[in-house]
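Some notes on the structure that comes next.
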Amino acid sequence: MSRYFVMTAIPYVNGRPHVGHALELLQVDVLARHRRQRGDEVRAQTGTDDNALKNVQSAEAEGVSPTEYVARVAERFLGLQRPLDLRFDDFIRTSSDPRHRPGVEKLWNACAANDDFYRKSYTGLYCYGCEQFYAEDELVDGLCPEHLVRPDVVEENNWFFRLSRYQQPLIDLISSDRLRIEPASRKREVLSFIESGLEDFSVSRSMKRARGWGIPVPGDPEQVIYVWYDALANYITAPGYGSDDAGFAHWWTEGGERVHVIGKGIIRFHAVYWPAMLLSAGLTLPSTIFVHEYLTADGQKISKSAGNAKDPAEIAERFGTDALRWWMLRDVARAGDTDYTDQRLVTRNNEDLANNIGNLVNRTVSMVNKYRGGAVPPLPEHNDAAADLRAARAGAAARIDEAMAAFDFRRAAEVVTDLGDAGNRYVEAAAPWTLAKAERKEDAAPDALDAVLAELVHTCRLLGELLTPFLPASAAEILAQTGEGGDRVTAPSPIFRRLELAAEE
RNA sequence: GGGGCGGUAGCUCAGCUGGUCAGAGCAGGGGACUCAUAAUCCCUGGGUCGCGGGUUCGAGCCCCGCCCGCCCUACCA
């Protein structure tokens, strides 16, 4: 048994979670369930990044305190767990969780003790309307793109982190896969970025600019810790860095895998800043960073202004939790963004779930009821006619393991539908209804039909097992209807409903 | 400007280290069956694998150039 610690990036959001957030949460959930099913000791973690300056602005815009605002956001994310059937072992909020601040301070002090911080002045173009700095090329005709005013030259004296020191160590770690970055294209991207040269970056902001929101720099109450430095630390503060030595040692330091699942937009922070911070503090690094792409909705980038910020809870309510989970697993490409549409979800659901897997279970359970009164016949030792089906069953788990190890959810899910295909083909080839007629008319021996039904029940039970990490609720139903491994099936009842889109959609 | 990734049948996509690699699913067409959620099974796919060069006995798969799309480009999450 090995140890497996898998975590999402903690989202910082200005609004409600959308399908894009749901994707990452689901991927972690599925990885965790998969490893748990294989017998590993698993910890799945997520949370919210509360300390961004933008949260202060958003809170003001809504006329509430930052504390109240981030609590509201956290609720929305926590609220995703039920409609998506997610099971996390931990959910950390960087503003209010008592474990977080002591850990961040400890991390800061460790980096400081390694002489990796120094003070430096930064001069930039600052828009007071936006409350943020702009780079020259971000301006439109020298004006703030939001407020169309000329930004002021503002100088701020902040703490800087000696990232430049870690250029070569990072190259060594990543190129040797001691810090594994998946897919390989992302690894190349990160390496080429690092090789182009790393500059130190600022890790604090003035308390004034932060309006007192965030974690003060230890020993410097005029400064607040930069939100990324703060946020990244959640991965170790949650298991106990700075508050629970045993927990931290167990999940982070003492072997096992530490896996980050992140979106492509924040690779730099996870694959460069974060490992450098850990190296500086003398801490263990994550073992793997898996980078996913983004979802678009109806052909457009997801955004609130476009009005297409699909609410995953609504989708789940409308089409079903497992239909949504299945779509995200089975239809999301590894490279390139994937477009979410209701139609795609419905098609995937009907083809794979209702017609293939669901129907196979349904016809199997129906036949066992009809021909054998619900009693499951014993599986014969040999059955040449079922050779293909048996081969499909025998290889399925290993194929899923392989795909999951490569974070290829789509290929993993495909293994299940492949087995469903094999099952359906077997039914046609074996034609149990013909065998049943033969039994009645010619008083034939029941062995032939027994064997067919046994093969089918075993196939369905395996489908239930294989499907468990992906679609826990439906998988449980499959196992229940096929008798939980016992010698009787229940009455048949469709497990996956066929979905339809209304005409005007 | 620099870096990364995509551009493969109408649609969505597979194609690992070059030699059945021109594929799968869906859609479309034809047929079979009836256990089943009008589900299933079988047959049916001549697409310059973005464009132009090159390397090679042989290239979607390697190299160069170009076109198109997306992403990143550091103190903005």
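Letters A, B, ... are given to chains in the order of the sequence lines, protein chains preceding strands, and every chain is numbered from 1. Source: prediction; values computed, not measured.
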Using a cut-off of under 3.5 Å, enumerate the N/O to N/O pairs linking the protein to nucleotides 10-14 of chain B.
| residue | atom | partner | partner atom | Å |
| --- | --- | --- | --- | --- |
| B:U12 | O2' | A:R344 | NH2 | 3.0 |
| B:C13 | O3' | A:R410 | NH1 | 2.9 |
| B:C13 | O2' | A:R410 | NH1 | 2.7 |

Restricting both atoms to N or O, compile the protein contacts to nucleotides 40-44 of chain B shorter than 3.5 Å, with distance only.
| residue | atom | partner | partner atom | Å |
| --- | --- | --- | --- | --- |
| B:U40 | O2' | A:R363 | NH1 | 3.2 |
| B:U40 | O2' | A:E428 | OE2 | 2.9 |
| B:U40 | O2 | A:E428 | OE2 | 3.3 |

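Distance from the side chain of A:S185 is smallest to B:C5 among B:C5, B:C75, B:A74. Set against B:C75, B:A36, B:C5, the side chain of A:R205 has B:C75 as its closest nucleotide. Among the nucleotides B:C26, B:A36, B:C5, the one closest to any side-chain atom of A:T347 is B:C26. Of the candidate nucleotides B:A74, B:A36, B:C75, B:A36 has the atom lying nearest to any side-chain atom of A:K370. Checked against B:A39, B:G4, B:U34, the side chain of A:R498 finds its nearest nucleotide in B:A39. Checking B:C75, B:A36, B:C71 against every side-chain atom of A:K264, the shortest atom distance belongs to B:C71. Side-chain proximity of A:L163 to B:U37, B:A74, B:G3: nearest is B:A74. In the set B:G4, B:U34, B:U37, the nucleotide with an atom closest to the side chain of A:P494 is B:U37.
Comparing the same atom, P, in B:G30 and in B:C35 gives a spacing of 25 Å after rounding to whole Å. Taking the P atom of each, B:G4 and B:G65 are spaced 12 Å apart, rounded to whole Å. Atom P of B:C42 sits at a distance of 34 Å from the matching atom of B:C51, rounded to the whole Å. Straight-line distance between the C1' atoms of B:A27 and B:C61: roughly 29 Å, to the nearest whole Å. Separation of the P atoms belonging to B:C49 and B:G10 is 13 Å when rounded to the nearest angstrom. Rounded to a whole angstrom, the distance from the P atom of B:G47 to that of B:G23 is 13 Å.
Side chains of A:W159 and A:D220: a donor-acceptor N/O pair is present below 3.5 angstrom, by distance only. Side-chain atoms of A:T459 and A:E455 include no donor-acceptor pair closer than 3.5 Å.
In this structure, CG of A:L456 is placed 14 Å from P of B:A36, rounded to the nearest angstrom. Atom CG of A:N369 and atom C1' of B:A36 are 12 Å apart (whole Å). Look at CD1 on A:I267: it is 18 Å from P on B:C70, rounded to the nearest Å. Residue A:I495 contributes atom CD1, which lies 18 Å from atom P of B:A39 at whole-angstrom precision. A:D408 places its CG atom 13 Å from the P atom of B:C16, with the value rounded to the nearest Å. Between A:M367 atom CE and B:C33 atom C1' there is a gap of 12 Å when expressed in whole angstrom units. Atom NE2 of A:H270 is separated from atom P of B:A74 by 19 Å (rounded to the nearest Å). A:D200 has its CG atom 13 Å from the P atom of B:C75, to the nearest Å.
Judged purely by atom type and a 3.5 angstrom limit, A:N51 has no side-chain atom pairing as donor or acceptor with the backbone of A:V227. Under the 3.5 Å distance criterion, the side-chain polar atoms of A:D49 are left unmatched by any main-chain donor or acceptor of A:I10. Looking at A:R488, its side chain does come within 3.5 Å of a backbone N or O of A:G373 through a donor-acceptor pair. At least one donor-acceptor pair under 3.5 Å links the side chain of A:N234 to the backbone N or O of A:A231.
At a threshold of 4.0 Å, the pair A:R372-A:E439 counts as salt-bridged, since one of the basic side-chain nitrogens sits closer than that to a carboxylate oxygen. The pair A:R399-A:D418 counts as a salt bridge, with a side-chain nitrogen and a carboxylate oxygen less than 4.0 angstrom apart. Under the 4.0 Å criterion applied to side-chain N and carboxylate O atoms, A:K264 and A:D337 are assigned as salt-bridge partners. Looking at A:R72 and A:E75, no side-chain N of the basic residue comes within less than 4.0 Å of a carboxylate O on the acidic one, giving no salt bridge.
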In dot-bracket notation, what is the pairing pattern of RNA chain B, taking Watson-Crick (N1-N3 plus N6-O4 or O6-N4) and G-U wobble (N1-O2 and O6-N3) contacts under 3.5 Å, with [ ] crossing and | for other strands?
(((((((..((((.........)))).(((((.......))))).....(((((.......))))))))))))....
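A:T67 has its side chain out of reach of A:S96: every pair of non-hydrogen atoms, C-beta onward, lies at least 4.5 Å apart. Proximity of A:L232 to A:H270: side-chain heavy atoms (C-beta onward) are separated by under 4.5 Å at one or more points. Here the side chains of A:V272 and A:L170 are in contact, with some heavy-atom distance below 4.5 Å.
Annotation: A:D388, atom CG; neighbour count of heavy atoms from other residues, nucleotides and ligands within 6.0 Å does not exceed 12.
Residue A:Y294 is out of contact with every strand shown, counting any heavy-atom pair closer than 4.0 Å. Among the protein residues, A:L198 comes within range of the nucleic acid bases, having at least one heavy atom under 4.0 Å from a base atom.
Between B:C35 and A:K437, no contact under 4.0 Å exists linking OP1 or OP2 to a side-chain N or O.
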